[in-house]
Amino acid sequence: MNIKPLDILRVTEKSFVIAGPCSAESLEQTLTTAKELSSLGVKVFRAGLWKPRSKPGSFEGVGTKGLEWLQKVKESTGMLIATEIANAIHTREALKAQVDILWIGARTTANPFAVQEIADVLETQIKSKKIKRNQITILVKNPVNPDLDLWIGAMERIANAGIEQIGAIHRGFSTYEKGLFRNLPHWHIPIELKRRVPQLTIICDPSHIGGRKELIHPISQQALNMGFSGLMIESHIEPERALSDKEQQITPKMLKSIMELLVVRESIDNSESLTELRREIDELDQMLLNLLSKRMAISREIGRYKKEYSIPVFQPSRYNHMVIRRISQASELMVDPDFVKLILQAIHQESVRQQLEIFNSTKNKNQ
Ligand code: PEP
Ligand code: MN
């Protein structure tokens, strides 16, 4: 794949921040946010104009008219401007308005037809000399599903169109189970991407991974520790009134304090093994949580059975037997028996609580 390291790395700093609202909502909101961000030294402004929303009826972006607002941002601040494109029409409109950076959103990357449609517009415009091959930067977000080939495939389509300035954005992968993250980071996927395409610039979008303001700093730091080249962070002058993604948007002031706290790691090699070990820990913890969730579901099932056959919730002999057996298993696995006893007690206590809840709720129903 003919991909070069991004030029925006040169106009910004070593590690760069792209910031701006999830959506452009009005000229005033767009300009005020951009000016504040520019005063912090942010060189690239993002704002979504065409918003892919899960359900109809929510705010779907201001569309084409927002392109003028982005141009005003460029004129008044000198920032580079970036927006999301999802089809051929968006691409033509954004190119006509001389948007510097176009990103392909996670839902679009998952759709090869849409990516090809975008690539075809780019190719036609390069061939007809409407745009130069290195004038426009295309950033490709990972697909919503954890499929590295699909992600690379999307970048290949854009590269085949003749574009050289291509970068990747890691924004996490969607999951059915709601947990700490809005989108699971699965860090090993961007790491594998970097291994397969070493010259590729990869940046991280902590806003869509975390889905919550408090997670932006830790995720950003983790990304920098892992050697990502930059960050895309959603910032809004009044997050609580944002028309989309209000939980994860931060004010430019908050962004400033995060940027001051962030430590840019010059050498990534030292921390690579640590990162790998942490990734394994994260995965194991996720497995532990999944197991706990399954275990509690079975406890509740047992609770329903005990209720039906009028068996008391607490069975001391069964509990004793279980503790003795688990402790001897733990010793065999070189896990501290006292530690295991503590965990078993906590799990058992929670099981009993959940079973009692079943007993009580049934009682209430009959009352
Ligand atoms: C966005 O950047 O606002 C957006 C919609 O992102 P994603 O495609 O990652 O959901
Ligand atoms: Mn968003």
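Both counts, for ligands and for their atoms, begin at 1 and track the order of listing. Note: hydrogens, waters and symmetry copies are ignored here, and every other heavy atom, side chains too, is used.
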Is there a donor-acceptor pair under 3.5 Å between the side chain of [X] and the backbone N or O of [Y]?
{"X": "Gln98", "Y": "Leu95", "result": "no"}
{"X": "Asp245", "Y": "Cys22", "result": "no"}
{"X": "Lys194", "Y": "Leu200", "result": "yes"}
{"X": "Gln354", "Y": "Ser299", "result": "no"}

Report yes if the side chains of Ile258 and Lys213 come closer than 4.5 Å at any heavy-atom pair, otherwise no.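 They are not in side-chain contact.
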Taking the six-membered ring for Trp, are Phe314 and His348 ring centroids under 6.0 Å apart?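 Yes: the rings meet the under 6.0 Å criterion.
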Is the distance from the ring center of Trp187 to that of Phe228 below 6.0 Å?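 Here the rings of Phe228 and Trp187 have centres that are less than 6.0 Å from each other.
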Residue of the set Glu214, His208, His236, Arg212 for which side chain to side chain donor-acceptor pair (under 3.5 Å) holds with Gln248: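 The residue from Glu214, His208, His236, Arg212 that satisfies side chain to side chain donor-acceptor pair (under 3.5 Å) with Gln248 turns out to be His208.
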Side-chain donor-acceptor pair under 3.5 Å between Gln355 and Lys306, yes or no?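 Per modelled atom types, Gln355 and Lys306 side chains form a pair under 3.5 Å.
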Which of the protein's N, O or S atoms come within less than 2.8 Å of the Mn ion (ligand 2), not counting waters?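 Protein N/O/S atoms under 2.8 Å of the Mn ion (ligand 2): Cys22 SG, His208 NE2, Glu234 OE2, Asp245 OD2.
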Tell me, which residues have any heavy atom less than 4.0 Å from some atom of ligand 1?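 Residues within 4.0 Å of ligand 1: Cys22, Arg46, Lys51, Glu84, Trp103, Gly105, Ala106, Arg107, Lys141, Arg171, His208, Glu234.
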